[in-house]
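Inspection log for the structure reproduced underneath, given as structure tokens.
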2 protein chains.
Amino acid sequence: MKIGELAKLTGCSVQSIRHYEKEKLLASLRRSDGNFRLYDSATVDQLKFIKHCRSLDLSLAEIRQLIELNQQPGMGCEDVNRMIDSHIEQVALRINELQDLQDKLMALRNSCASQSTVKECGILQTLSVTQK
Amino acid sequence: MKIGELAKLTGCSVQSIRHYEKEKLLASLRRSDGNFRLYDSATVDQLKFIKHCRSLDLSLAEIRQLIELNQQPGMGCEDVNRMIDSHIEQVALRINELQDLQDKLMALRNSCASQSTVKECGILQTLSVTQK
DNA sequence: CCTAAACTCTATGGTAACTATAGAGTCAAG
DNA sequence: CTTGACTCTATAGTTACCATAGAGTTTAGG
């Protein structure tokens, strides 16, 4: 199958697929006489794996690592566990940051009565005050 | 004062300051004979305003808009309020996304007993299964 | 006075994971 | 045999910077 069909089957864009190839996430592939990329059902699975990982916000570098690990079935999978653990940690951190941000933004929002002028706007005033 | 001192006073990097200037967030400025940027205390305040906004994750484009609004003191500040409101909304959305992600990552993590091999790794197996 | 260090300048490339575009080639149907 | 759909490569753009190169400026010390 050609790239357009693969894209439809997996829900990836054509460009994404070419991008994954450039980033070495898809194995080297065959080309047609006219230099079109040719794929089979194994690629569909590979791509779905990638998509699944991306939906978990794993980076392409991390995914590449997982693919490599996957090719060494006998090895321990501590590295996999570690990767997911550190990912969970990062997400938790980011959530905390955003929650802090949310609080600050709410406070800022409350500093302005809606019907004010720019000159009197509590938001702009607050933003102008030096903070720690 | 020159750019290095400004950077020290505000906690911005020298590159950031030059970047803000290129992005029209800092008013046009004087130069010394040797073509060095020269600043005064007003710039310190401007830059602190920008920094404060950035700490709230406002984009440079949004900050530019706020600065422009700030220069029209008589106008209503509904636009300011709207900007902050939509920002709060975006942050809330992102927090929800990340919390979903967190749940998925936890579930994934639980699918592998730590002492497994790559071949049996529940994480890799889960990632290989097609999901909705 | 001269030199070396510290500072500044502009311009460019890199980051992440794509999207969008241009300009060219390939293929299938009518 | 031409038109439209598809594909190819290469390049620029996104965001808010950081890092670097190569050059010029300023300042302090000997």
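Residue numbers start from 1 in every chain, and the chains themselves are labelled A, B, ... in the order their sequence lines are given, proteins ahead of strands. This structure is a prediction, so every number in the text was calculated from the model and none was measured.
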Point to revise | No-hydrogen, no-angle side-chain donor-acceptor test under 3.5 Å, T43(B) and Q46(B) | key: no
Exercise for review: Indicate yes or no for a side-chain donor-acceptor contact from N81(B) to the backbone of C77(B) under 3.5 Å, with no hydrogens or angles considered.
Suggested key: yes
Check your understanding: To 10°, what angle do the rotation axes through the five end pairs on each side of the helix from dC1(C)-dG30(D) to dG30(C)-dC1(D) form?
Key -> 30°
Pairs under 3.5 angstrom, nitrogen or oxygen only, protein versus nucleotides 17-20 of chain C, please.
from: dA17(C); atom 1: OP1; to: L60(A); atom 2: N; distance (Å): 3.2
from: dC18(C); atom 1: OP2; to: Y20(A); atom 2: OH; distance (Å): 3.0
from: dC18(C); atom 1: OP2; to: R54(A); atom 2: NE; distance (Å): 2.9
from: dT19(C); atom 1: OP2; to: S13(A); atom 2: OG; distance (Å): 2.7
from: dT19(C); atom 1: OP2; to: S16(A); atom 2: OG; distance (Å): 3.1

Practice item. For D40(A), enumerate each residue passing the salt bridge (charged side-chain N to carboxylate O under 4.0 Å, His left out) test, keeping only those at least two apart in sequence or located in another chain. Key: none
Study note, to complete from the structure: The side chain to side chain contact (heavy atoms under 4.5 Å, CB included) partner of L6(A) among V14(A), L38(A), I17(A) is I17(A)
**Study point:** Pairs meeting criterion salt bridge (charged side-chain N to carboxylate O under 4.0 Å, His left out) with involvement of residues 4-20 of chain A, two or more places apart
**Key:** none
Review point. Residues two or more places apart in sequence or in another chain: which of them pass side-chain hydrogen bond (donor to acceptor under 3.5 Å, both in side chains) with S86(B)?
Key: none
**Study point:** Heavy-atom pair of closest approach, residues I50(A) and I63(A)
**Key:** O-CD1, 4.0 Å
**Study point:** For D79(A), salt bridge (charged side-chain N to carboxylate O under 4.0 Å, His left out) partners two or more places apart
**Key:** R82(A)
Check your understanding: Heavy-atom distance under 4.5 Å between the side chains of I3(B) and F36(B), does that happen here?
Key -> no
Check your understanding: What string of B, S and - do you get for nucleotides 3-15 of chain C 5' to 3' if you count protein non-hydrogen atoms under 4.0 Å?
Key -> -----SSB-----
**Study point:** Gap between atoms CD and P, on E21(A) and dA10(D) respectively (whole Å)
**Key:** 12 Å
**Study point:** With R54(A) via salt bridge (charged side-chain N to carboxylate O under 4.0 Å, His left out) - residues at least two apart
**Key:** none
Point to revise | Separation of dC6(D) P from M1(A) CE (nearest whole Å) | key: 16 Å
Check your understanding: Which residue pairs satisfy the side chain to side chain donor-acceptor pair (under 3.5 Å) criterion with at least one member in residues 68-78 of chain A, sequence neighbours excluded?
Key -> none
Study note, to complete from the structure: The side-chain hydrogen bond (donor to acceptor under 3.5 Å, both in side chains) partners of D85(A) (sequence neighbours excluded) come to R109(B)
Review point. Which residues pass the salt bridge (charged side-chain N to carboxylate O under 4.0 Å, His left out) test with E89(A), sequence neighbours left out?
Key: none
Revision key, fill the gap. When rounded to whole Å, the CG to C1' distance for the pair L25(B) and dT15(D) reads 13 Å
Practice item. Could you check which residues of residues 88-100 of chain B get a heavy atom under 4.0 Å from DNA chain C? Sort them by number, please. Key: none
